[in-house]
2 protein chains.
Amino acid sequence: MPRPRTSETAERIRAAALELIAEKGVQQASLREIAERVGITKPALYYHFASREELLRGLVQPLVDDVEELLARLESAPSHDAREMLGAYFDVTYRHRAITKMVMQDPSVLAHLDLAAVVDGWRRRIQALLFGPAPTLAQQTRATVAVGGLGDCTVMFTDAPFDELRRATLDAACATLGR
Amino acid sequence: MPRPRTSETAERIRAAALELIAEKGVQQASLREIAERVGITKPALYYHFASREELLRGLVQPLVDDVEELLARLESAPSHDAREMLGAYFDVTYRHRAITKMVMQDPSVLAHLDLAAVVDGWRRRIQALLFGPAPTLAQQTRATVAVGGLGDCTVMFTDAPFDELRRATLDAACATLGR
DNA sequence: GTCTATAGGCTGATAGAC
DNA sequence: GTCTATCAGCCTATAGAC
């Protein structure tokens, strides 16, 4: 039996935190309530996480890593199909949709984790992938509507089957880009 | 000289609150900081507003009223052009863009003000105006991307000239709808 | 690893003087 | 209308026993 790479309790804490955040929002999810849901006391959390900020950072990191990896991959390949790129982006946000929901429902958490600049960079890099390094305002708005829409649909239509949602969302986003 | 219909201090409080909320988010804008910015003490706020919730409600209400009025007007007129409807919606969000930004940066404030159901109703009513009473998932995603995009662009491109932004945003939203 | 107990600070809100 | 003083309640975080 392999030794678990991460503590099981830490994993349960993360899961409870994500649950509670989905229900009440980031700011409203206190360590007391998270601990209660796990069935331990608040100080016990501090054995697994140095601070509330570290816990949140650990929740967001997998999404951040995957988006960074995706963008690096897209930027290294010279030719792109817009639908392929947006599809890959949709898949990432969908895979991490609990975190995506958390970030979209309260973007201020990003600033608190010093990730505002990172996410702002994502927007510019995606615009560059779609329209080159100096997009016009018309192109910026289209990229904003398309990419923002991917996230919106990911977190809004949680009951729809994945394949159907993916197709419908990408159809809408590609129509926005005029492709 | 006409007596002012609303207290001047109350107006300064509202302005300071909106400023601070734009900078730090709703949850992070405390009454203490708002009072500080106005140049009065915290208890003095309570002479003008019964509670923090009442202050927030007063900020959001003008946007709520204008959207309700717009939707009622659109629903009462039998024939519609999509670009006209979206344009009218854009104008409302732009006119109240400080509040729009606040709501989009932290939608949970709506739930706290018991407005979540109201705003959810807006989404359904707009979808009905665009696609009839029972839109398919494909139509729902297109409406979501288009309408969400209007709000996103309103708060994101604050430096762009109004006319140019309006045209670019509506072009993108109408392309999303396939019109 | 988890507990009890507690420190220290911030919050929204109130009482009562001026 | 605004102030000082204060309250109760919540928060994050730590100390130290087991």
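Heavy-atom basis, side chains included; hydrogens, waters and symmetry copies ignored. Naming convention: chains lettered A, B, ... in sequence-line order (proteins, then strands); numbering from 1 in each chain. Please read all numbers here as calculations on a predicted model, not as lab measurements.
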Engineer: Locate the shortest heavy-atom distance separating B:Arg142 from A:Ala172; write the atom from each residue and the value.
Structural biologist: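 The pair with the smallest heavy-atom distance is CG-CB, 3.7 Å.
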
Engineer: Looking only at heavy atoms, which two atoms of A:Arg83 and A:Arg167 are closest? And how far apart?
Structural biologist: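 Answer, listing the atom of A:Arg83 first, then A:Arg167: NH2-O, 3.7 Å.
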
Engineer: Measuring from B:Phe49:CZ to B:Leu56:CG, what's the distance to the nearest 0.5 Å?
Structural biologist: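 Interatomic distance, B:Phe49 CZ to B:Leu56 CG, rounded to 0.5 Å: 10.0 Å.
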
Engineer: Taking any atom closer than 4.0 angstrom to a non-hydrogen atom of chain A, what span of DNA chain C does the protein reach, first nucleotide to last?
Structural biologist: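 Counting from the 5' end, contacts occupy C:dG1 to C:dA5.
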
Engineer: For B:Thr9 and A:Leu31, find the nucleotide of DNA chain D closest to each by heavy atoms; which residue's nucleotide sits nearer the 5' end?
Structural biologist: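 The residue mapped nearer the 5' terminus is B:Thr9.
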
Engineer: Start with the C-alpha gap between B:Arg37 and B:Glu23, add the side-chain angles, then the distance that decides, and say whether salt bridge (Lys or Arg N to Asp or Glu O under 4.0 Å) holds.
Structural biologist: CA-CA 13 Å; B:Arg37 186 163 297 210; B:Glu23 293 171 18; 3.0 Å; yes

Engineer: Taking only heavy atoms on the protein side, list every residue of residues 49-58 of chain B lying under 4.0 Å from any atom of DNA chain C, sorted numerically.
Structural biologist: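 Under 4.0 Å from DNA chain C: B:Ser51, B:Arg52.
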
Engineer: Hey, does A:Thr41 reach any base, or is it just sugar-phosphate, or nothing, if we go heavy atoms under 4.0 Å?
Structural biologist: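 Contact class for A:Thr41: base.
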
Engineer: Would you mind reading off the distance between B:Tyr46 atom OH and D:dT6 atom P, rounded to a whole angstrom?
Structural biologist: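 It is 19 Å, rounded to the nearest whole Å.
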
Engineer: Applying side-chain contact (heavy atoms from CB on, under 4.5 Å), run through B:Val103 and B:Val26 and close with a yes or a no.
Structural biologist: CA-CA 9 Å; B:Val103 169; B:Val26 184; over 6 Å; no

Engineer: Given side chains that start at C-beta, do those of B:Thr41 and B:Arg32 come closer than 4.5 Å, heavy atoms only?
Structural biologist: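 Side chain of B:Thr41 against side chain of B:Arg32, heavy atoms only: no contact under 4.5 Å found.
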
Engineer: Does some side-chain heavy atom of A:Phe131 sit less than 4.5 Å from a side-chain heavy atom of A:Leu177?
Structural biologist: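 Side-chain contact under 4.5 Å: yes.
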
Engineer: What is the distance, rounded to the nearest whole Å, between atom CD1 of A:Ile40 and atom P of D:dA13?
Structural biologist: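 Value for this atom pair: 15 Å.
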
Engineer: Just list the side-chain donor-acceptor pairs under 3.5 Å for residues 144-165 of chain B, sequence neighbours left out, or say none.
Structural biologist:
unit_1	atom_1	unit_2	atom_2	d
B:Thr144	OG1	B:Gln140	O	2.8
B:Thr154	OG1	B:Thr93	OG1	3.2
B:Thr154	OG1	B:Leu150	O	2.8

